[in-house]
Colleague: 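One structure is given below, represented as C-alpha cells, and several questions about it will come after.
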Amino acid sequence: MTKFLLTVHVLAAIVAIGPVTVAASMFPPTARRATADPTDPQAVAWVRLLHRICRVYAVMGVAVPVFGLATANSMGVLGDTWLIVSIVLTVIAAGVLGALVLPRQEALLTGIEAMATAPAGTETPRAEPQQEPSQPESRRATARLAMVTGIFNLLWATVTVLMIVRPGSTTGA
C-alpha cells in the first residue's frame, strides 16, 4: 500500500503542482504584454488561460498533501523533522498561492479585461491622460506578482528537495 500511496503522491505533485508553478511564472510577463496592448484578443486570452490553469490546478493540488500524509503515515515517519518542515512549507506555499498569487492574478486579469472591453470611441479621450500613470502601476503590480510567485516556487522547490533527500533517513538516499 505504501508504494501505491507514494506513487499517487508523486504523480499528483507532478500533475498538479507543476502546471501551477509554470503557469504562475508565465502570468506576470504575459499580463505585461496584455496590458501594453489590451486590444490584442490573443494576449488577453493567454492571461485568462494562465489564471484558469492556476486556479484549477491549485484545487487539484490538495491531493498532494493528502496522499503525502497518507504515505508518511504508512511509512511511520509522521514525526520526522524533515516531514514536519515540509508540511509547514507546504502550508506556507498554499497560503502564498491562495492569499497572494491568485488574488493578484485576478485583479490584473480584471483590469486587463476592463481595458479590452472599453469602447474605443468613448474611452480614448479620458483614458489618454490616465494611461501614463497606469502603465507604471501595472508594471509594479506584475513585478510584485512575479516576486510572490517566485517565493511560491522556491517553497515548492524546497519541499521537493526535502522529499528527495529526507535528512536523517536510513534509506541511504
Side-chain angles (χ1 to χ4, degrees), residues 8-68 86-164:
V8 174
H9 171 63
V10 170
L11 286 173
I14 292 168
V15 171
I17 305 304
V20 173
T21 58
V22 172
S25 296
M26 291 174 63
F27 189 94
T30 305
R32 269 185 235 117
R33 282 192 298 278
T35 302
D37 185 10
T39 60
D40 180 4
Q42 188 175 13
V44 176
W46 272 107
V47 173
R48 197 176 292 122
L49 174 66
L50 291 171
H51 180 59
R52 182 179 304 143
I53 289 170
C54 289
R55 276 192 345 253
V56 169
Y57 282 88
V59 172
M60 290 174 54
V62 172
V64 177
V66 168
F67 282 100
S86 294
I87 291 168
V88 169
L89 293 176
T90 298
V91 169
I92 294 169
V96 168
L97 182 63
L100 299 174
V101 174
L102 293 176
R104 289 177 185 203
Q105 284 183 352
E106 182 70 34
L108 281 166
L109 177 59
T110 301
I112 291 167
E113 287 177 332
M115 288 189 292
T117 58
T122 57
E123 288 295 319
T124 304
R126 285 186 287 156
E128 285 298 324
Q130 293 176 353
Q131 275 185 327
E132 287 184 278
S134 71
Q135 286 293 341
E137 180 56 37
S138 173
R139 183 85 174 154
R140 281 191 294 272
T142 56
R144 281 187 229 113
L145 176 59
M147 179 191 67
V148 295
T149 300
I151 291 168
F152 168 75
N153 290 342
L154 283 173
L155 288 165
W156 274 117
T158 304
V159 170
T160 302
V161 169
L162 285 171
M163 291 291 148
I164 293 169

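These figures come from a predicted structure and were not determined experimentally. Note that the numbering runs from 1 along the sequence shown for the chain.
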Colleague: Please tell me if the side chains of Val44 and Asp40 come closer than 4.5 Å, counting only heavy atoms from C-beta onward.
Modeller: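 Of all side-chain heavy-atom pairs linking Asp40 with Val44, none is under 4.5 Å.
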Colleague: Could you walk me through whether Leu89 and Leu162 pass the side chain to side chain contact (heavy atoms under 4.5 Å, CB included) check?
Modeller: CA-CA 10 Å; Leu89 293 176; Leu162 285 171; 4.0 Å; yes
Colleague: Roughly how far, to the nearest 0.5 Å, is CG of Leu100 from CZ of Phe152?
Modeller: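 Atom-to-atom, Phe152:CZ and Leu100:CG are 11.5 Å apart.
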Colleague: Could you measure the distance from the CD atom of Gln42 to the CZ atom of Arg33? Nearest 0.5 Å is fine.
Modeller: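 Interatomic distance, Gln42 CD to Arg33 CZ, rounded to 0.5 Å: 10.0 Å.
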Colleague: Mind checking side chain to side chain contact (heavy atoms under 4.5 Å, CB included) for Ala34 and listing every partner two or more places apart, or none if nothing turns up?
Modeller: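 Side chain to side chain contact (heavy atoms under 4.5 Å, CB included) check on Ala34 returns Ala43, Val47, Ile112.
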Colleague: Taking atom CG of Asn153 and atom CG of Leu97, what is their separation to the nearest 0.5 Å?
Modeller: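 Between atom CG of Asn153 and atom CG of Leu97 there are 9.5 Å.
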Colleague: From Trp46 CH2 over to Thr30 OG1, what is the distance, rounded to the nearest 0.5 angstrom?
Modeller: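 Going from the CH2 atom of Trp46 to the OG1 atom of Thr30 covers 8.0 Å.
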Colleague: Which heavy atom of Arg55 sits nearest to which heavy atom of Leu102, and what is that distance?
Modeller: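 Scanning both residues, the minimum pair turns out to be N-CD2, 4.0 Å.
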Colleague: Would you say the side chain of Phe27 lies within less than 4.5 Å of the side chain of Leu108, judging by non-hydrogen atoms?
Modeller: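 Sidechains of Phe27 and Leu108: in contact.
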Colleague: Which pair of heavy atoms, one from Pro65 and one from Gly61, lies closest together, and at what distance?
Modeller: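 Between these two residues, the closest heavy atoms are CD-O, 3.1 Å.
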Colleague: Mind checking salt bridge (Lys or Arg N to Asp or Glu O under 4.0 Å) for Arg48 and listing every partner two or more places apart, or none if nothing turns up?
Modeller: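 Counting only residues at least two positions away or on another chain, Arg48 forms a salt bridge (Lys or Arg N to Asp or Glu O under 4.0 Å) with Glu113.
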Colleague: More than 12 foreign heavy atoms under 6.0 Å from CZ of Arg144: is that the case here?
Modeller: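 Counting other residues, nucleotides and ligands, CZ of Arg144 exceeds 12 neighbours.
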Colleague: Do Val20 and Ile53 have side chains that get closer than 4.5 Å, going by heavy atoms?
Modeller: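 No, their side chains stay 4.5 Å or more apart.
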Colleague: Are Pro29 and Arg32 close enough that some pair of their side-chain heavy atoms sits under 4.5 Å apart?
Modeller: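 Yes, at least one pair of side-chain atoms sits under 4.5 Å.
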Colleague: Which distance, rounded to the nearest 0.5 Å, do you find between the CG of Leu109 and the CG of Leu49?
Modeller: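 Reported value, rounded in 0.5 Å steps: 11.0 Å.
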Colleague: Give me the atom names and distance for the closest heavy-atom approach of Ala16 to Tyr57.
Modeller: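 Closest approach of Ala16 to Tyr57, heavy atoms only: O-CB, 3.5 Å.
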Colleague: Which heavy-atom pair separates Thr21 from Ser25 by the least distance, and what is that distance?
Modeller: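 Looks like O-OG, 2.8 Å.
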Colleague: With rounding to the nearest 0.5 angstrom, report the CD to OG1 distance, Gln105 to Thr149.
Modeller: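 The distance works out to 6.5 Å.
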Colleague: Using every non-hydrogen atom in the two residues, find where Arg104 and Val148 come nearest and quote the distance to one decimal.
Modeller: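 Result for this residue pair: NH1-CG1, 4.0 Å.
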Colleague: Tell me the closest heavy-atom pair linking Met115 and Pro38, and the distance in Å.
Modeller: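 In this case the closest contact between Met115 and Pro38 is CB-CB, 3.7 Å.
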Colleague: Any side-chain heavy-atom pair from Thr160 and Ile17 closer than 4.5 angstrom?
Modeller: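 The answer is no; the side chains never approach within 4.5 Å.
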